[in-house]
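One structure is given below, encoded as structure tokens.
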Amino acid sequence: MIGQKQLIRHFYENPPAFEKQTVHVSGWVRTVRDSRTFGFIELHDGSCFQNVQIVFGDQLGNFREITKLTIGSSLNVTGTLVPTPDAKQPFEIQASDIDIVSPASQENPIQKKRHSFEFLRTIAHLRPRTNTFNAVFRVRSILAYAIHKFFNERGFVYVHTPIITSVDAEGAGEMFQVTTLDPDKIKPPADYARELLGRKTFLTVSGQLPVEAFCMGFRNVYTFGPTFRAENSNTPRHASEFWMIEPEIAFADLEDDMKLAEDMMKFIFTHVLENAPDEMQFFDRFIEPGVIERLEKVIRSDFAAVTYTEAVGLLEKAGKDFEYPAAWGENLQTEHERYLSEEVFQKPVFVIDYPETIKAFYMYLNEDGKTVRAMDLLVPGVGEIIGGSQREDRFDLLLERMKKDGMSETVYDWYVDVRRFGSFPHAGFGLGFERALMYITGMKNIRDVIPYPRTPNQAAF
RNA sequence: UCCGGAGUAGCUCAAUGGUAGAGCGGGUGGCUGUUAACCACUAGGCUGGGGGUUCGAGUCCCUCCUCCGGAGCCA
């Protein structure tokens with residue numbers, strides 16, 4: 001029986017091939033509606049976003065049991081696929097046999113009604129059974145593939161940089177400590193030489209530094225993996241564990257970097273629109289009206305770009321009553337970024353050439369001596385989605401900058417080596433995978449695009 | 001972490017300091033083409049925890065916890 005099953009996806013891909021045919025499907029009940037002598041089941045089989053309607057009549061021996069099926073119950077169904085040109089759905093299956101594999105408890109918290117995302121987060125293990133999360137996580141999978149496809153087609157080498165690292169903070173944020181020492185048993189100060197790994201270690205906040213070294217051997221490389229930040233951030237766009245894509249390109253400057261970022265964004269948007277049409281239509285209808293058109297517009301048009309200095313000028317003469325007025329040398333506030341991306345440009349916009357004082361030590365110093373070749377990509381609704389830079393490849397300047405920031409040369413000696421033994425201009429960026437997913441789906445909270453989100457106070461499941 | 005808001009039935013929410021309610025979901029029954037199905041009946045509550053004021057607290061006060069939104073950190 002199991003070997004003969006067909007997938008609902010195949011019916012939708014080519015309905016005529018199955019019309020009037022006997023089909024076997026297996027799946028889970030989404031809803032049941034019944035009358036005295038017949039009824040309907042919406043069956044979901046996981047192979048695609050869409051369900052298939054099963055029609056059942058009282059000629060079936062287990063008709064009564066079928067009418068009492070609860071949401072989530074699993075079934076094997078045999079029947080005839082018939083077109084239904086006058087109905088909502090293009091076809092349905094008229095059942096000749098329905099085998100109840102396992103009824104679901106009537107206490108199933110997933111009900112035949114709208115649930116709030118907040119509630120569904122508390123049952124993250126049951127969320128995948130809902131329309132929204134089915135769509136979100138299929139698109140997540142498709143998006144991950146699109147990213148690999150983009151880089152693979154361009155000859156990039158995928159590098160697995162370490163999850164556990166001893167490189168303490170490079171400015172990216174607070175780190176989770178990883179230890180084999182039992183905190184309940186050790187007396188301070190801890191003897192980190194007794195760690196299994198022989199030193200104090202953390203979960204990575206970025207794969208950038210280690211991947212830069214691989215750039216030297218493979219020219220164009222990227223990482224794509226989990227990243228951890230121990231910040232006590234409580235916002236819809238921050239998580240303690242998230243995934244990041246970090247390409248690094250050799251013999252390249254900031255303009256090449258921006259071009260790569262723009263090409264990549266357009267590629268992945270296109271790929272998702274082409275490969276998840278049903279899911280995207282769902283988002284467009286129920287999550288964020290207009291999201292498809294927004295993505296299509298972005299694919300057709302060029303991203304905007306302004307220097308930080310120009311951006312501050314725009315903000316100063318905006319005539320807007322910002323809570324914090326923009327000032328050169330200060331970080332752009334979220335309200336500033338929103339104004340730029342949502343009101344001035346109304347599309348993705350690069351802000352480049354930030355003051356050296358507010359950016360990381362490894363960024364290339366401009367000739368003005370005040371700004372660095374950094375870029376942030378801001379998108380409407382999500383904010384900063386990419387942060388990147390051309391790297392400081394001049395040995396002396398890098399050392400000088402590290403000294404100024406009070407950084408340990410011994411911890412970073414291997415990083416400095418990359419410049420010492422044949423330096424070259426290179427650049428890269430970090431794309432927040434979940435932020436890209438939010439932008440594509442219109443989902444408003446990062447907790448709702450991560451299967452089991454980790455945020456302050458939340459590590460269940 | 002700071003600021004603001006919210007915790008009441010399985011879910012979403014009502015309820016002048018005076019007997020705790022509705023819709024949906026669940027259960028039972030009805031209905032010959034439903035698709036947010038419909039109609040009738042029905043069960044369901046330590047009002048987030050602790051303390052206080054009061055004859056009386058879901059409601060007022062203190063405190064803690066949790067969640068949501070805004071800010072910061074950033075992707």
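Model, not experiment: these values are computed from the prediction. Each chain gets a letter, A, B and so on, in the order the sequences are listed, and its residues count up from 1.
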- Task: Hunt down any stem RNA chain B takes part in, defined as 3 or more consecutive Watson-Crick or G-U pairs whose two distances are each under 3.5 Å.
- Result: B:1-7 with B:65-71, B:10-13 with B:21-24, B:26-30 with B:38-42, B:48-52 with B:60-64
- Base, sugar-phosphate alone, or nothing: which one does A/Lys444 contact when heavy atoms must sit under 4.0 Å apart? nothing
- For the side chain of A/Lys113, counting heavy atoms from C-beta on, which of B/G27, B/U66, B/C11 is nearest? B/C11
Could you tabulate the donor-acceptor pairs under 3.5 Å formed by side-chain atoms of residues 436-443 of chain A, not counting sequence neighbours?
unit_1, atom_1, unit_2, atom_2, d
A/Thr441, OG1, A/Leu437, O, 2.8
A/Thr441, OG1, A/Met443, N, 3.2

- Distance between C1' atoms of B/C46 and B/U42 (Å, rounded): 24 Å
- Query: When all nucleic acid strands are considered with a 4.0 Å heavy-atom cut-off, which category describes A/Ala239: base, sugar-phosphate, or nothing?
  - Reply: base
- C1' atom, B/A20 versus B/A9: distance in rounded Å? 10 Å
- Message: Looking only at the side chain of A/Thr37 (C-beta and beyond, no hydrogens), which of the listed nucleotides B/G10, B/U32, B/A71 gets closest?
- Response: B/U32
- Message: Please confirm whether the ring centroid of A/Phe40 lies under 6.0 Å from the ring centroid of A/Phe38.
- Response: yes
- Look at A/Arg121 and B/C68 and indicate whether a side-chain polar atom (N or O) is within less than 4.0 Å of OP1 or OP2. yes
- Task: Round to the nearest Å and state the distance from A/Asn234 atom CG to B/G72 atom P.
- Result: 14 Å
- Message: One character per nucleotide, please: for nucleotides 35-49 of chain B, 5' to 3', B when the base has a protein heavy atom closer than 4.0 Å, S when only the sugar-phosphate does, - otherwise.
- Response: BSB------------
- Aromatic stack A/Phe433/B/A75: centroid gap under 5.5 Å, interplanar angle under 30°: no
- Looking across every strand, which nucleic acid part, if any, lies under 4.0 Å from A/Thr227 by heavy atom: base, sugar-phosphate, or nothing? nothing
- Item | Shortest side-chain distance from A/His115, nucleotide among B/C11, B/C68, B/U28 | B/C11
- Nearest to the side chain of A/Thr334, which nucleotide is it out of B/U12, B/A71, B/G27? B/A71
- Quick one: A/Gln59 CD to B/U32 C1', roughly how many Å, whole number? 13 Å
